[in-house]
Number of protein chains: 2
Amino acid sequence: MKGSVQEQAWRCLLELFFAQRDRFIAVGQELGLAPQQAIALKHLEPGRAMTMGELAQALHCDNSNVTGIADRLEAHGLVERRPHASDRRVKTLVLTTKGAKIRAAYEARLSSAPPGLASLSDADAATLLDIMHRAAAAAPDPGRTPTA
Amino acid sequence: MKGSVQEQAWRCLLELFFAQRDRFIAVGQELGLAPQQAIALKHLEPGRAMTMGELAQALHCDNSNVTGIADRLEAHGLVERRPHASDRRVKTLVLTTKGAKIRAAYEARLSSAPPGLASLSDADAATLLDIMHRAAAAAPDPGRTPTA
DNA sequence: TATTGTTATACTCTATAACTATA
DNA sequence: TATAGTTATAGAGTATAACAATA
């Protein structure tokens with residue numbers, strides 16, 4: 001039942017993740033963002049236009065969902081729909097100034113470490129960071145935009 | 001922008017978390033579980049009755065939602081509603097045999113480490129595990145059932 | 001009176017399928 | 001014909017408020 005050391009470490013991280021789930025939701029709520037809206041914002045980097053389809057891929061959901069998510073973000077003045085330069089079927093999404101501000105606020109709130117991690121010694125934290133870097137290097141996530 | 005070593009480590013873990021999101025959903029889907037149903041099942045330990053209210057607290061959602069989640073789990077034959085021994089207002093939820101099986105399958109699927117972690121050396125994984133244990137000990141999550 | 005679970009309502013997110021306007 | 005985005009539909013999850021049965 002214990003499994004390899006790697007699996008044990010993974011289960012330990014899993015616990016942390018589930019324990020932090022509420023925080024993601026709560027931080028979003030304080031900023032007026034539903035969960036998927038927050039994640040969508042995370043993928044929309046300031047100044048970089050993204051097509052609806054690209055966002056759908058990033059969110060791993062159907063194109064049709066992105067229509068609604070973009071609608072709601074646009075209704076809150078966080079993004080703008082703009083025509084594509086060369087293909088008139090395509091629409092791109094761009095963060096507004098307000099959108100960029102909310103996005104930064106969300107990232108800032110989430111970037112503070114949870115109590116357990118925050119209480120680690122600098123040496124432990126540095127070791128942890130080092131090991132995670134090695135893990136990330138061993139299995140780079142192809143579809144993801146590196147935030148760190 | 002970099003922050004303390006603890007914050008850097010946290011952001012690194014955050015990346016891993018978001019990258020693994022789809023896996024949680026996909027594994028649930030293969031077993032016919034919507035995301036919250038999977039999480040509910042996670043909290044329902046075999047042989048231990050849980051009241052609707054307790055589950056609502058564990059899921060950090062309103063009691064009214066648990067009614068629907070329990071309805072759907074019951075419709076799939078995974079849980080049973082039973083009266084409480086001493087308080088007739090209360091209903092308890094108990095895993096069925098099928099429910100316990102699905103729950104075990106879900107846990108088993110999720111417990112295998114993702115590629116990056118799996119490729120760590122035993123020494124790295126053991127160090128990681130050790131540090132995570134220290135972090136968990138420093139900030140025990142009050143509301144959570146320890147799975148590990 | 002207070003509490004447990006339910007119902008009613010309204011909004012968000014999800015996938016599928018049909019539609020439109022382009023290509 | 002194929003593709004990008006939209007609309008329509010149906011199911012799941014969410015919070016709030018009102019309700020029944022019980023405490």
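Naming: A, B, ... by sequence-line order, numbering from 1 per chain.
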I'd like to know if the side chain of A:His76 and the backbone of A:Arg72 have a donor-acceptor N/O pair within less than 3.5 Å.
yes
Considering only side-chain heavy atoms of A:Asp62, which listed nucleotide, C:dT16, D:dA15, C:dG5, is closest?
C:dT16
What residues 72-90 of chain B contributes to the DNA chain C interface at heavy-atom separation below 4.0 Å is B:Arg81, B:Arg89, B:Val90
Specify the separation, in whole Å, of atom CG of A:Asn65 and atom P of D:dA12.
16 Å
Looking at A:Thr92, is its backbone amide N or carbonyl O close enough to the side chain of A:Thr51 to form a donor-acceptor pair, meaning the two atoms are under 3.5 Å apart?
no
Between A:Asp71 (CG) and D:dT7 (P), how many Å, whole number?
7 Å
Take a 6.0 Å sphere around CD of B:Gln57 and say whether it holds more than 12 heavy atoms from other residues, nucleotides or ligands.
no
Measure from the side chain of B:Thr51, starting at C-beta and using heavy atoms only, and say which of C:dG5, D:dG13, C:dC13 lies closest.
C:dG5
Would a 4.5 Å heavy-atom cut-off, applied to side chains only, mark A:Leu93 and A:Arg81 as touching?
yes
Please list, one pair per line, the donor and acceptor atoms closer than 3.5 Å that link side chains of residues 23-34 of chain A to other protein atoms, with sequence neighbours excluded.
from	atom 1	to	atom 2	distance (Å)
A:Arg23	NH1	A:Gln20	OE1	3.1
A:Arg23	NH1	A:Ser112	O	3.2
A:Arg23	NH2	A:Arg109	O	3.2
A:Arg23	NH2	A:Leu110	O	3.4
A:Arg23	NH2	A:Ser112	O	2.4
A:Arg23	NH2	A:Ser112	OG	3.0
A:Glu30	OE1	A:Arg109	NH1	2.9
A:Glu30	OE1	A:Arg109	NH2	2.8

With a 4.0 Å cut-off, would you call A:Glu15 and B:Lys42 a salt bridge?
yes
According to a strict under-4.0 Å criterion, is A:Gln36 in side-chain N/O contact with OP1 or OP2 of C:dT14?
yes
For the pair B:Thr96 (side chain) and B:Leu78 (backbone), establish whether a donor and an acceptor sit closer than 3.5 Å, ignoring hydrogens and angles.
yes
Starting from the first five and the last five pairs of the helix from C:dT1-D:dA23 to C:dA23-D:dT1, work out the angle between the resulting helix axes, to 10 degrees.
10°
To the nearest Å, give me how far apart CE (A:Met52) and P (C:dA21) are.
17 Å
Among the candidates C:dA15, C:dT6, D:dT14, find the nucleotide nearest to the side-chain atoms of B:Ile69.
D:dT14
Please give, in whole Å, the distance from D:dT14 P to B:Ile39 CD1?
8 Å
Which nucleotide in the list D:dG13, C:dT12, D:dT16 gets nearest to the side chain of B:Ala34?
D:dG13
Can you measure from CE (A:Met132) to CG (B:Leu16) and round to the nearest 0.5 angstrom?
4.5 Å
With a 3.5 Å cut-off and heavy atoms only, can you find an N or O donor on one side and an acceptor on the other between the side chain of B:Ser64 and the base of D:dT16?
yes
For residues B:Leu59 and B:Ile69, determine if any side-chain heavy atom of one lies less than 4.5 Å from a side-chain heavy atom of the other.
yes
Please compare A:Asn63 and A:Gln37 by the position of their nearest nucleotide in DNA chain C and report the one closer to 5'.
A:Gln37
In whole angstroms, how far is the C1' atom of D:dA4 from the CD atom of A:Gln57?
13 Å
Grab the NZ-P distance between B:Lys91 and D:dT22 for me, whole Å please.
10 Å
Which whole-number value in Å describes the distance from B:Glu54 CD to C:dG5 C1'?
14 Å
Quick check for you: among C:dA15, D:dA15, D:dT6, whose closest atom lies nearest to any side-chain atom of A:Cys61?
C:dA15
State whether a side-chain donor-acceptor pair under 3.5 Å links A:Asp122 with B:Gln6.
yes
A:Leu41 CG to C:dC13 P, straight-line distance once rounded to whole Å:
12 Å
